[in-house]
Amino acid sequence: MILLRGVLRGLWRAPARLLGLVALIAVVTAVYAGTVMALGRLEADTRRIYASSSLADWVITFSPIDAALLPTDLQIPGVDTWDLRLVTPGMLTLPDGSTAAAVVVA
């Protein structure tokens with residue numbers, strides 16, 4: 001109790017120090033609360049965007065040698081529609097003549 005009284009008396013005698021301490025505690029509390037709220041909102045927004053944009057829940061990848069070997073009728077329970085895409089590695093020629101590795105999606 002004596003220590004607490006001494007600390008309070010010291011802070012009261014130095015109002016700038018007391019103001020700085022109060023401001024520091026307020027900023028730390030605001031940053032913590034803002035971070036917690038932002039992370040919670042980010043998770044909720046991510047779930048809402050995924051639900052509203054009808055993104056695929058699953059990605060099934062086949063690696064055939066030729067596009068003609070891809071399956072044409074997949075019977076997966078619970079899947080209403082599906083898209084067939086051919087994804088293959090390739091090289092992209094840039095305007096300056098150099099090449100860059102690329103993924104071709106057809």
Side-chain angles (χ1 to χ4, degrees):
M1 190 67 169
I2 295 173
L3 180 61
L4 179 62
R5 191 178 300 165
V7 169
L8 291 176
R9 189 176 332 136
L11 287 174
W12 191 252
R13 288 181 184 167
R17 187 179 298 162
L18 177 61
L19 181 64
L21 184 62
V22 168
L24 178 66
I25 291 171
V27 167
V28 168
T29 303
V31 167
Y32 176 75
T35 302
V36 169
M37 286 188 292
L39 290 176
R41 185 69 190 173
L42 179 66
E43 184 178 345
D45 285 345
T46 302
R47 286 184 183 160
R48 182 182 51 80
I49 289 170
Y50 276 120
S52 66
S53 61
S54 300
L55 293 175
D57 291 332
W58 291 8
V59 175
I60 300 173
T61 305
F62 296 98
S63 300
I65 296 172
D66 188 9
L69 298 176
L70 285 171
T72 56
D73 56 342
L74 290 176
Q75 300 298 327
I76 300 174
V79 175
D80 297 331
T81 61
W82 57 278
D83 295 323
L84 182 65
R85 294 188 183 126
L86 178 62
V87 180
T88 183
M91 296 300 287
L92 180 65
T93 304
L94 301 175
D96 64 355
S98 63
T99 59
V103 175
V104 179
V105 179

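Position 1 is the first residue of the sequence, and the numbers go up from there. FYI, side chains are in, hydrogens and waters are out, and symmetry mates aren't considered; it's all heavy atoms of this structure.
I25 and L18 fall within the same hydrophobic cluster, where Ile, Leu, Val, Met, Phe, Trp and Tyr residues are linked whenever their side-chain heavy atoms come under 4.5 Å apart, directly or through other members. Cluster annotation: V22 is connected to V7 through the hydrophobic network of ILVMFWY side chains, with a link wherever side-chain heavy atoms come within less than 4.5 Å. The cluster map of Ile, Leu, Val, Met, Phe, Trp and Tyr, joined by side-chain heavy atoms under 4.5 Å apart, puts L21 and W12 in the same cluster.
Considering CG of L92 and OG1 of T99, their distance stands at 8.5 Å, rounded to 0.5 Å. In this structure, CG in L19 is found 11.0 Å from CG in L24, a value given to the nearest 0.5 Å. One distance of note links CZ of R13 with CG of L8; it measures 12.0 Å at 0.5 Å rounding. For the atom pair E43 CD and R47 CZ, the distance stands at 4.0 Å (nearest 0.5 Å). Rounding to the nearest 0.5 Å gives a distance of 13.0 Å between CG of L39 and CZ of R41.
Side-chain N or O atoms of S52 include one that pairs as donor or acceptor with a backbone N or O of R48 at under 3.5 Å.
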